[in-house]
Amino acid sequence: MKIPEEITIGGHTITIHYQSGLVSYNQAYGIFDPTNLRILIDADLNYSVQCETFWHEVVEALNFFTEAEMSHNKIQTFGVLLHQIANSMEGPDECRNKKKCR
């Protein structure tokens, strides 16, 4: 899958950014920042992990906007499942370490 540069949720445009060192400094592969309407993904991760992290942060955003109060465990599960669905809609090798997809 190609990670988009931005997404829209409920009329809000959320931009996607890459930042090295999120795992080292924030102990997170990614972060949804509701104040600045952006998703940060660790630039140093393997591309397939970046894809999964993108979906996780999308679910974090949905959780925020809907006030669903999902547990982090449920957010993680939904993120993994969305990643799998996105991959199943493409050819089998589309999201395997292809940074050129960005």
Verify the cluster assignment for [X] and [Y]: are they in a single hydrophobic cluster under the rule of side-chain heavy atoms below 4.5 Å apart?
X     : Y     : result
Leu82 : Val80 : no
Leu81 : Trp55 : no
Phe32 : Ile9  : yes

Hey, mind stepping through Val49 and Phe54 against side chain to side chain contact (heavy atoms under 4.5 Å, CB included) and telling me if it holds?
CA-CA 8 Å; Val49 178; Phe54 165 75; over 6 Å; no
Determine the minimum heavy-atom distance between [X] and [Y], stating which atoms define it.
X     : Y     : value
His83 : Cys51 : NE2-CB, 3.4 Å
Met1  : Ala86 : SD-CB, 4.2 Å
Ala61 : Ile14 : CB-CD1, 4.2 Å
Ala43 : Tyr18 : CB-CB, 3.9 Å

State which residues pass ring pair (Phe, Tyr, Trp, His ring centres under 6.0 Å) with His12; sequence neighbours excluded, sorted by chain then number.
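His12 satisfies ring pair (Phe, Tyr, Trp, His ring centres under 6.0 Å) with Phe65 only.
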Answer yes or no: is there a donor N or O on one side and an acceptor on the other, between the side chain of [X] and the main chain of [Y], under 3.5 Å?
X     : Y     : result
Asn26 : Ala28 : no
Asn63 : Met70 : yes
Asn36 : Arg38 : no
Ser71 : Lys74 : yes
Asp42 : Val23 : yes

Through direct or indirect side-chain contacts below 4.5 angstrom among Ile, Leu, Val, Met, Phe, Trp and Tyr, which residues connect to Leu40?
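Leu22, Ile31, all in the cluster of Leu40.
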Can you tell me if Tyr29 has over 12 outside heavy atoms packed within less than 6.0 Å of its OH?
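Atom OH in Tyr29 is not crowded, with 12 or fewer foreign heavy atoms closer than 6.0 Å.
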Rounded to the nearest 0.5 Å, what's the gap from CG on Leu37 to CD on Glu6? Could you check?
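One gets 11.5 Å once the value is rounded to the nearest 0.5 Å.
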Roughly how far apart are Asp44 CG and Gln50 CD, rounded to 0.5 Å?
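Asp44 atom CG to Gln50 atom CD measures 8.5 Å (nearest 0.5 Å).
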Does a side-chain heavy-atom distance below 4.5 Å link [X] with [Y]?
X     : Y     : result
Glu5  : Ile16 : no
Tyr47 : Ile3  : yes
Ile39 : Val58 : yes

Do we see a donor-acceptor contact under 3.5 Å between the side chains of His72 and Gln76?
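Side chains of His72 and Gln76: no pair found under 3.5 Å.
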Go through the steps to decide whether Glu52 and His56 satisfy the test side chain to side chain donor-acceptor pair (under 3.5 Å), and finish with yes or no.
CA-CA 6 Å; Glu52 184 177 325; His56 176 96; over 6 Å; no
